[in-house]
Amino acid sequence: MTEEAAIEWLIPLPVLVPFLGAAATMTLGRHPRVQRMLSILVLALGTVVACALLVLADRNGITAVQVGGWQTPIGITLVNDRLSALMLVIAYVVLLAVMVYAVGQGIRDGDEHQPVSIFQPTYLVMAAGISNAFLAGDLFNLYVGFEVLLASSFVLLTLGASEDRVHAGVTYVMVSMLSSLVFLAGIAFTYAATGTLNLAQLAVRLSAVPEGVRIAIFAVFLVAFGIKAAVFPLSSWLPDSYPTAPAPITAVFAGLLTKVGVYAIIRAHTLLFPGGALDDVLLVAGLATMLFGIFGAIAQTDTKRLFSFTLVSHIGYMIFGIGLSTELGLTGAIYYVAHHIVVQTTLFLVVGLIERQAGSASLRRLGSLAAASPVLAVLYLVPALNLGGIPPFSGFIGKVTLLEAGVEVGTPLAWVLVAGAVITSLLTLYAVMRVWTKAFWRSRDDAPEGDMVAARPAVLLDDIGDVALAERRDVGRMPTLMVGATAALVLVGVALTVVAGPLIGYTERAADNLVDRSVYVGTVLGPEAAAELPEASGPAEHTGLSDASSSQPSTAGSMRPDSSTVRPQPGGAAATEGTS
């Protein structure tokens, strides 16, 4: 099989494999052991495929495939570039680790009274929706990806149907439906203005739309994606929704679902609406998100809610990098997305272990954990310091890159964002160290409610009562698979530090692909369409995301080797088009 044919087959697999796996696991509901093994195998295969796509994206540049042989822009286009490939790899690593964690929890506590037969296929459907969103080459397919992952997340969030989870689920459903309606309205406005939904074709046609209409459409999309990404002031739903779910579900929600919204903002901002028209709005929103989130975290006594607020806060760093509209800002934002997915997921898994070891996640009940479980102390401390931005961890590297990008822009608003980012980082360190001193360092006897614990560990069903500490049964044991999966993610977070140089280089190349829209358009539609991209129009003086032709004419002769595409030909053969 030629490399072009291999790419044609590989690109749809991150979506197809979990969908088929979900169907298979649904039929195996009466065989939990086989169901568990199949779920892990599916996600492991997805991880391998995602890694292969990352290698191909970095070596060959952007590639695209037309599903079913329909030609662009009529059919469904799937596009694999450096950004989408990196997001797929990180997503599948996290999805696999959380699945292993959940399986370990189920094996230890017993599945007979748990809705595992529903959890695993729904989880795989969510993985397919996430993958589809990252690979989507048109707006409607992106919308479908969002709806698939949101529909599955509704089910996961309300497993057990306790009062708290149903209340949180209703809030989540209503907010998500509002976001979807706004997104759908944006799609309708876009189609009415341009007559297409293909992202590459939109990049060409939107330039002919009056500027006021174009900015209005962008604002609609920012509202839709801002709700999904939990950007202030559209973020108040998140701390009330995520903490009610079981630890594995909360972890994967916190790590991945908001980042799909961030990914959509990056794609829309760079490919469809370059020029910096709403950059100041993004920067102000980024600053408000950072400060609102971290001040909310400081006020919490429950660790799940505390980390839910830090999740919101650190979305602000990503919006900061995007709003700078420079290649360095995008480089830092992409790196920070990868870092934050891993670290935030790890911390929520650690909270699940804390609940098992100590019988609670409330700081009013926790204490002496460092003495009771040194392993758990290490598993918490490493990602906590990473989130706080302590050198040399990846959190420090990502923040320094973003701060450097802000200083490079040098506008008054950029300097305010730099100061806000530094303050947020210091307050984040204070918040995570507060958890350390109260939960791990102090004596449990000094905790106001240290004599109370949950009667038994929480799995998927939320039916836990409180008992006295002396009467608890089987709370303190941490299953090996749960500890192993958490430790693996801790190591992945450390690895992001070890390979920071090559990874920053990769994110620089990804940012370069985003800045030069001619590469994406030429790959999907051909060099002729790339030549139709207009000259730069009205970017702010600091902006680096003007139209592709701002630095050089967008002609076939200027296309780099990145401009390769896989297009099905008559008879099913794949041909590669491109220029060098």
Side-chain angles (χ1 to χ4, degrees), residues 101 105 108-109 164 239-240 242-251 254 294 296-311 313 343-388 427-459 462-479 482-483 485-487 489-490:
Y101 182 101
Q105 189 174 23
R108 179 66 186 82
D109 297 315
D164 288 342
D240 292 328
Y242 284 7
T244 63
I249 296 172
T250 303
I294 198 57
I298 291 172
Q300 302 308 309
T301 59
D302 181 86
T303 53
K304 280 188 176 181
R305 285 185 60 84
L306 186 151
F307 286 120
S308 294
F309 274 100
T310 63
L311 164 63
S313 177
V343 171
Q344 196 75 53
T345 304
T346 306
L347 285 170
F348 274 102
L349 293 184
V350 171
V351 170
L353 294 176
I354 289 174
E355 287 182 312
R356 296 191 62 89
Q357 176 66 34
S360 177
S362 172
L363 294 179
R364 295 182 60 83
R365 296 185 177 185
L366 296 176
S368 304
L369 280 175
S373 179
V375 172
L376 182 57
V378 173
L379 292 180
Y380 172 79
L381 188 60
V382 174
L385 294 177
N386 202 341
L387 186 70
L427 292 178
T428 300
L429 185 61
Y430 167 77
V432 297
M433 287 298 99
R434 179 166 164 262
V435 175
W436 172 262
T437 56
K438 290 184 177 296
F440 290 87
W441 199 249
R442 74 175 175 188
S443 170
R444 182 157 190 157
D445 294 335
D446 295 332
E449 300 175 9
D451 58 332
M452 299 297 293
V453 294
R456 63 184 185 81
V459 190
D462 189 14
D463 55 357
I464 305 166
D466 288 341
V467 298
L469 175 63
E471 298 176 6
R472 75 174 182 171
R473 295 182 180 179
D474 196 29
V475 176
R477 301 179 184 178
M478 299 186 297
M482 293 176 69
V483 175
T486 307
L489 279 188
V490 171

Item to complete: Mind listing the closest non-hydrogen atom pair of Pro248 and Leu349 along with its distance?
Response: CA-CD2, 4.4 Å
Discussion item. Do Val490 and Pro383 make a side-chain contact, defined as non-hydrogen atoms from C-beta onward lying under 4.5 Å apart?
Written reply: yes
Item to complete: Run through Thr250, Asp302, Val350, Val351 and flag the one making a side-chain contact (heavy atoms from CB on, under 4.5 Å) with Phe307.
Response: Val351
Item to complete: Looking only at non-hydrogen atoms, find the nearest pair between Leu366 and Ala358 and report the distance.
Response: CD2-CB, 3.4 Å
Worksheet, complete the sentence: Result for side-chain contact (heavy atoms from CB on, under 4.5 Å) between Leu379 and one of Leu347, Thr346, Thr486 points to Thr486
Item to complete: Look at atom CH2 of Trp441 and say whether more than 12 heavy atoms of other residues, nucleotides or ligands are closer to it than 6.0 Å.
Response: no
Discussion item. Test: salt bridge (Lys or Arg N to Asp or Glu O under 4.0 Å). Region: residues 431-443. Which pairs qualify, not counting sequence neighbours?
Written reply: none
Worksheet item: Any idea which heavy atoms bring Leu363 and Ala439 closest together, and the distance?
Response: CD2-CB, 4.4 Å
Worksheet item: Hey, what do you get for CG (Asn386) to CD (Gln344), rounding to the nearest 0.5 Å?
Response: 11.0 Å
Worksheet item: What distance separates Trp436 CH2 from Leu429 CG, expressed to the nearest 0.5 Å?
Response: 13.0 Å
Worksheet item: How long is the gap from OH on Tyr380 to CZ on Phe440, to the nearest 0.5 Å?
Response: 6.5 Å
Discussion item. Out of the candidates Val483, Leu353, Leu489, only one should pair with Tyr101 under the side-chain contact (heavy atoms from CB on, under 4.5 Å) rule; please name it.
Written reply: Leu353
Hey, can you pull the donor-acceptor pairs under 3.5 Å for the side chains in residues 367-376, sequence neighbours left out?
unit_1: Ser368; atom_1: OG; unit_2: Arg444; atom_2: N; d: 2.8
unit_1: Ser373; atom_1: OG; unit_2: Leu376; atom_2: N; d: 3.3

Item to complete: Kindly indicate whether the side chain of Val432, heavy atoms from C-beta on, has any atom under 4.5 Å from the side chain of Leu387.
Response: yes
Fill in: Contacts of Ala297 that satisfy side chain to side chain contact (heavy atoms under 4.5 Å, CB included) - sequence neighbours left out
Ile294, Leu306, Phe309, Thr310
Worksheet item: How many angstroms lie between atom NZ of Lys304 and atom OG of Ser362, to the nearest 0.5 angstrom?
Response: 12.0 Å
Practice prompt. Would you give the length of the straight line joining atom OG1 of Thr345 to atom CG of Leu311, rounded to the nearest 0.5 angstrom?
Written response: 9.0 Å
